[in-house]
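Notes follow once the structure below has been shown.
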Amino acid sequence: MEHYAGAGDEVADRARQQERHYQLLSALQSLVKELPSSFQQRLSYTTLSDLALALLDGTVFEIVQGLLEIQHLTEKSLYNQRLRLQNEHRVLRQALRQKHQEAQQTCRPHNLPVLQAAHQRELEAVEHRIREEQQAMDRKIVLELDRKVADQQSTLEKAGVAGFYVTTNPQELTLQMNLLELIRKLQQRGCQAGKACL
């Protein structure tokens, strides 16, 4: 008799899972209508159904939330690194201006043109160094953000989320961003595991 009770529970679980899948799929189809038509066409019923299946147990919602938090921390760290560099450059420029002013005040008038030319060369060299350091920092930031995107894509692909794989194709990236936005909207609507979608 217990054997049949267990089978009944299994059937009920499958029915609940199927109902939950249908709710998620229906919510996704509704949200897709808010996307530009070019992306609506790329999100087939199968893709949305596979996405709804991946969302069933709520793990993907937690993964997306974790990835979002990591991304925000990374962006904040990179922003602070860039601000520190800009502040260092501001201090460097101020110190150079101060040094030049002091040198010009003690300079004899007949040496002033030579001193000003030397100061101009020094200023140009410092500005060149600052530009190179800023460009290097910007390249570092872009590379770090690109690595973060690839990590996110890989994580979501391994979690079985439809439409995610490592790519740098701008159209595919935009599609993945739209898929993430759909997941976030479902999350905001309270569609995590065990909850009905609003």
Side-chain angles (χ1 to χ4, degrees), residues 31 34-36 39 51 54-55 58-108 111-190 192:
L31 287 170
E34 299 171 15
L35 294 175
F39 290 107
L51 180 56
L55 297 172
T59 305
V60 171
F61 290 113
E62 292 173 20
I63 291 170
V64 168
Q65 187 60 40
L67 292 174
L68 187 63
E69 289 169 9
I70 291 168
Q71 179 179 334
H72 285 210
L73 289 172
T74 301
E75 288 171 354
K76 186 175 183 179
S77 172
L78 293 170
Y79 175 76
N80 287 333
Q81 288 176 35
R82 194 165 197 291
L83 275 183
R84 273 194 302 278
L85 183 65
Q86 287 175 330
N87 285 334
E88 289 171 15
H89 291 159
R90 186 181 44 76
V91 167
L92 180 63
R93 283 181 179 118
Q94 265 181 327
L96 188 61
R97 273 195 299 274
Q98 181 70 30
K99 176 183 147 191
H100 288 177
Q101 286 174 352
E102 289 171 2
Q104 286 181 7
Q105 288 172 352
T106 60
C107 181
R108 298 183 182 222
N111 288 334
L112 193 57
V114 173
L115 182 66
Q116 286 174 334
H119 286 175
Q120 184 61 34
R121 284 191 304 275
E122 185 179 20
L123 180 63
E124 287 171 3
V126 166
E127 287 298 330
H128 178 74
R129 185 182 117 205
I130 286 172
R131 272 192 310 280
E132 289 203 346
E133 286 177 3
Q134 285 176 334
Q135 289 171 350
M137 174 62 77
D138 291 343
R139 281 191 300 273
K140 175 188 171 210
I141 288 171
V142 168
L143 285 173
E144 181 64 28
L145 292 174
D146 284 348
R147 264 195 302 273
K148 213 38 88 183
V149 167
D151 289 348
Q152 291 171 344
Q153 291 168 330
S154 176
T155 299
L156 291 167
E157 179 182 25
K158 288 174 185 169
V161 182
F164 282 90
Y165 57 93
V166 177
T167 181
T168 56
N169 179 314
Q171 292 169 322
E172 293 303 310
L173 285 169
T174 304
L175 182 65
Q176 290 178 352
M177 288 169 39
N178 282 320
L179 288 170
L180 273 177
E181 187 60 27
L182 293 175
I183 294 169
R184 295 283 301 143
K185 284 181 178 178
L186 284 177
Q187 194 170 25
Q188 289 166 352
R189 287 184 175 187
Q192 292 96 328

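We number each residue from 1, following the sequence as shown.
You'll find the side chain of Arg90 stays beyond 4.5 Å of the side chain of Gln86, heavy atoms only. In this structure the side chain of Asp138 reaches within 4.5 angstrom of the side chain of Arg82, judged on heavy atoms. Side chains of Thr167 and Gln176 form a contact here, defined as non-hydrogen atoms less than 4.5 Å apart. Counting heavy atoms from C-beta on, the side chains of Thr59 and Ile63 come closer than 4.5 Å. At least one side-chain heavy atom of Glu75 sits under 4.5 Å from a side-chain heavy atom of Leu145. At a threshold of 4.5 Å between non-hydrogen side-chain atoms, the residues Val149 and Thr168 do not count as touching. The side-chain heavy atoms of Leu143 and Lys140, taken from C-beta on, include no pair separated by under 4.5 Å. Here the side chains of Arg189 and Leu31 are in contact, with some heavy-atom distance below 4.5 Å.
Among residues two or more places apart in sequence or in another chain, the side-chain hydrogen bond (donor to acceptor under 3.5 Å, both in side chains) test is passed with Glu69 by Gln65. With sequence neighbours excluded, the residues satisfying side-chain contact (heavy atoms from CB on, under 4.5 Å) with Glu124 are Gln120. The salt bridge (Lys or Arg N to Asp or Glu O under 4.0 Å) check on Asp151 picks up nothing, with sequence neighbours excluded. In this view, Glu127 and Arg93 satisfy the salt bridge (Lys or Arg N to Asp or Glu O under 4.0 Å) rule, not counting sequence neighbours. By the salt bridge (Lys or Arg N to Asp or Glu O under 4.0 Å) test, Glu172 pairs with Arg42, sequence neighbours left out. Under the rule for a side-chain hydrogen bond (donor to acceptor under 3.5 Å, both in side chains), Glu62 has no partner lying at least two apart in sequence or in another chain. Listed by chain and residue number, nothing satisfies the side-chain hydrogen bond (donor to acceptor under 3.5 Å, both in side chains) test with Asp146 (two or more places apart in sequence, or in another chain). With sequence neighbours excluded, no residue satisfies salt bridge (Lys or Arg N to Asp or Glu O under 4.0 Å) with Arg184.
Scanning both residues, Leu186 and Phe61, for their nearest heavy atoms gives CB-CE2, 3.9 Å. Closest non-hydrogen pair, Leu179 versus Gly163, comes out as CD1-CA, 3.9 Å. Nearest heavy-atom pair across Phe39 and Thr174 is CZ-CG2, 3.0 Å. The heavy-atom pair separating Gly160 from Ala54 by the smallest distance is O-CB, 3.6 Å.
The pair Arg84-Glu88 fails the salt-bridge criterion, with no side-chain N (NZ, NE, NH1 or NH2) lying under 4.0 Å from an Asp/Glu carboxylate O. Between Lys99 and Glu122, at least one side-chain N (NZ, or NE/NH1/NH2) sits under 4.0 Å from a carboxylate O, which counts as a salt bridge.
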Kindly determine whether Leu180 and Leu67 satisfy side-chain contact (heavy atoms from CB on, under 4.5 Å), including the steps that lead there. CA-CA 11 Å; Leu180 273 177; Leu67 292 174; over 6 Å; no
Give the C-alpha distance, both sets of side-chain angles, the deciding distance and a yes or no for side-chain contact (heavy atoms from CB on, under 4.5 Å) between Val161 and Thr155. CA-CA 9 Å; Val161 182; Thr155 299; over 6 Å; no
Does Glu102 form a side-chain hydrogen bond (donor to acceptor under 3.5 Å, both in side chains) with Gln98? I'd like the steps, not just the answer. CA-CA 6 Å; Glu102 289 171 2; Gln98 181 70 30; 2.9 Å; yes
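In this structure, the separation between CD on Gln187 and CG on Leu55 is 9.5 Å, given to the nearest 0.5 Å. The distance from the CG atom of Leu115 to the OG1 atom of Thr106 is 8.0 Å, given to the nearest 0.5 Å. Distance check: Leu83 CG to Met137 CE gives 10.0 Å after rounding to the nearest 0.5 Å. Taking CG of Asn178 as the reference point, atom CG of Leu35 lies at 4.5 Å (rounded to 0.5 Å). How far CD of Glu34 is from CD of Glu181: 9.5 Å, rounded to the nearest 0.5 Å. Atom NE2 of His89 and atom CD of Gln134 lie 5.5 Å apart (nearest 0.5 Å).
Pairs engaging residues 136-161 under the ring pair (Phe, Tyr, Trp, His ring centres under 6.0 Å) rule: none recorded [sequence neighbours left out]. For residues 63-84, there are no ring pair (Phe, Tyr, Trp, His ring centres under 6.0 Å) pairs, not counting sequence neighbours. Here ring pair (Phe, Tyr, Trp, His ring centres under 6.0 Å) pairs that include residues 111-157, with residues two or more places apart or in two chains, are His100-His119. For the ring pair (Phe, Tyr, Trp, His ring centres under 6.0 Å) condition, no pair includes a residue of residues 144-180, sequence neighbours left out.
Without hydrogens or angle criteria, Thr74 side chain to Ile70 main chain gives a donor-acceptor distance under 3.5 Å. At distances below 3.5 Å, not a single donor-acceptor pair connects side-chain atoms of Asn111 with backbone N or O atoms of Cys107.
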